[in-house]
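Model, not experiment: these values are computed from the prediction.
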Amino acid sequence: MRHVIAVSTSVLLLSAIVGAADLSSSETKRLEEASSVVRELRAEPDKGIPDGLWSRAECVAVIPNLKKAAFMVGGEFGKGVLSCHSGAGWSAPVFVEIEKGSMGFQIGGEQVDLVLLVMNKGGIEKMLQDKVNLGGDAAVAAGPVGRMASASTDAQLHAGILAYSRTQGAYAGIDISGGVLRPDKSANQNAYGTTMTPRDVLAKADVVAPPPARAFVQTLQQETRATTGRR
């Protein structure tokens, strides 16, 4: 009887996991664009994210097409994904969103791709619970680009999070102090169900990424192997 119950429970659990991976087309597109951003920012380490910093990062968050537009009141808002080192590879990704308000006389709009390197796991702890105030709960700095890494300031070296942007093919560090990074609850529920927390997804090696998310994880793994090969 116990065997039957155990088998039935396993089947129900498997069904729940499979049923949870019901991503919307916009969430799938987000994953595809995040993969492209990583490949392009890492294609030329002398111009983009340096190998040394990439290899030291505990987690990577990618926010494609961060929107920067307003009339009279400016601000930024974007949605992306986050993955952390898990054993010899990378974890299944969690969905995140970022928001930063600013005041100013701004007309027009601009979109940038944003990559955040979380240099220590403490930098992401609060976000996994609810949200993290960038520059407040976690020290953040514009990441040095390419050969500029050798001229890193103490602020950059001790920051919990390094931020990079790409606008029209140009790569640069970016200051996102004052922004708020938080889990995208609805997208995470679509991907993993209601009982799986972002902490569970990032910390447990046995969490299976939804099929649309696997290409993003593979991209991170390929870039990590490429970094090792260039040393």
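With sequence neighbours left out, the salt bridge (Lys or Arg N to Asp or Glu O under 4.0 Å) criterion links K185 to no other residue. With sequence neighbours excluded, no residue forms a side chain to side chain donor-acceptor pair (under 3.5 Å) with T195. Partners of S86 according to the side chain to side chain donor-acceptor pair (under 3.5 Å) rule, which considers only residues two or more places apart in sequence or in another chain, do not exist here. Not counting sequence neighbours, the partners of S26 by the side chain to side chain donor-acceptor pair (under 3.5 Å) test are S24. The side-chain contact (heavy atoms from CB on, under 4.5 Å) check on E97 picks up F77, K79, R182, D184, with sequence neighbours excluded. Residues forming a side chain to side chain donor-acceptor pair (under 3.5 Å) with W90 (at least two apart in sequence, or on another chain): T224.
A donor-acceptor pair under 3.5 Å links the side-chain atoms of S91 to the main chain of C84, judged by distance alone. No donor-acceptor distance shorter than 3.5 angstrom exists from the side chain of D113 to the backbone of P64, with no hydrogens or angles considered. Remark: the backbone N or O of A57 is paired with a side-chain donor or acceptor of H85 at under 3.5 angstrom.
The two residues P93 and V81 make their nearest non-hydrogen contact at CB-CB, 4.3 Å. E223 and R39 get closest at one heavy-atom pair: OE2-CA, 4.3 Å. A92 and V201 get closest at one heavy-atom pair: O-CG1, 3.4 Å. Closest approach of L220 and S83 over heavy atoms only: CD1-CB, 3.5 Å. Contact record, N188 with P198: ND2-CG, 4.2 Å, taken as the closest heavy-atom pair.
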Starting from the C-alpha separation in whole Å, work towards a yes-or-no answer on side chain to side chain contact (heavy atoms under 4.5 Å, CB included) for V132 and V180.
-> CA-CA 6 Å; V132 58; V180 174; over 6 Å; no
Test side chain to side chain contact (heavy atoms under 4.5 Å, CB included) on I98 and L134 and set out the steps.
-> CA-CA 10 Å; I98 188 170; L134 301 169; 3.8 Å; yes
Would you check, one step at a time, whether the test salt bridge (charged side-chain N to carboxylate O under 4.0 Å, His left out) holds for D137 with K131?
-> CA-CA 9 Å; D137 299 322; K131 64 181 180 180; over 6 Å; no
Under 3.5 Å donor-acceptor pairs involving side-chain atoms of residues 203-216, not counting sequence neighbours:
from : atom 1 : to   : atom 2 : distance (Å)
R214 : NE     : A209 : O      : 2.9
R214 : NH2    : A209 : O      : 3.2

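Side-chain contact check for L31 versus L23: some heavy-atom pair is nearer than 4.5 Å. A 4.5 Å side-chain heavy-atom check between L117 and Y164 finds at least one atom pair inside the cut-off. In this structure, the side chains of V38 and V62 come closer than 4.5 Å at one or more pairs of heavy atoms. Residues V60 and L82 form no side-chain contact, since every pair of their non-hydrogen atoms from C-beta on lies 4.5 Å or further apart. By the 4.5 Å heavy-atom criterion applied to side chains, L181 and L116 are counted as neighbours. Two residues are said to be in side-chain contact when any heavy atoms from C-beta on lie closer than 4.5 Å; M119 and R56 meet this criterion.
A distance of 10.0 Å separates OG of S177 from CD1 of I161, quoted to the nearest 0.5 Å.
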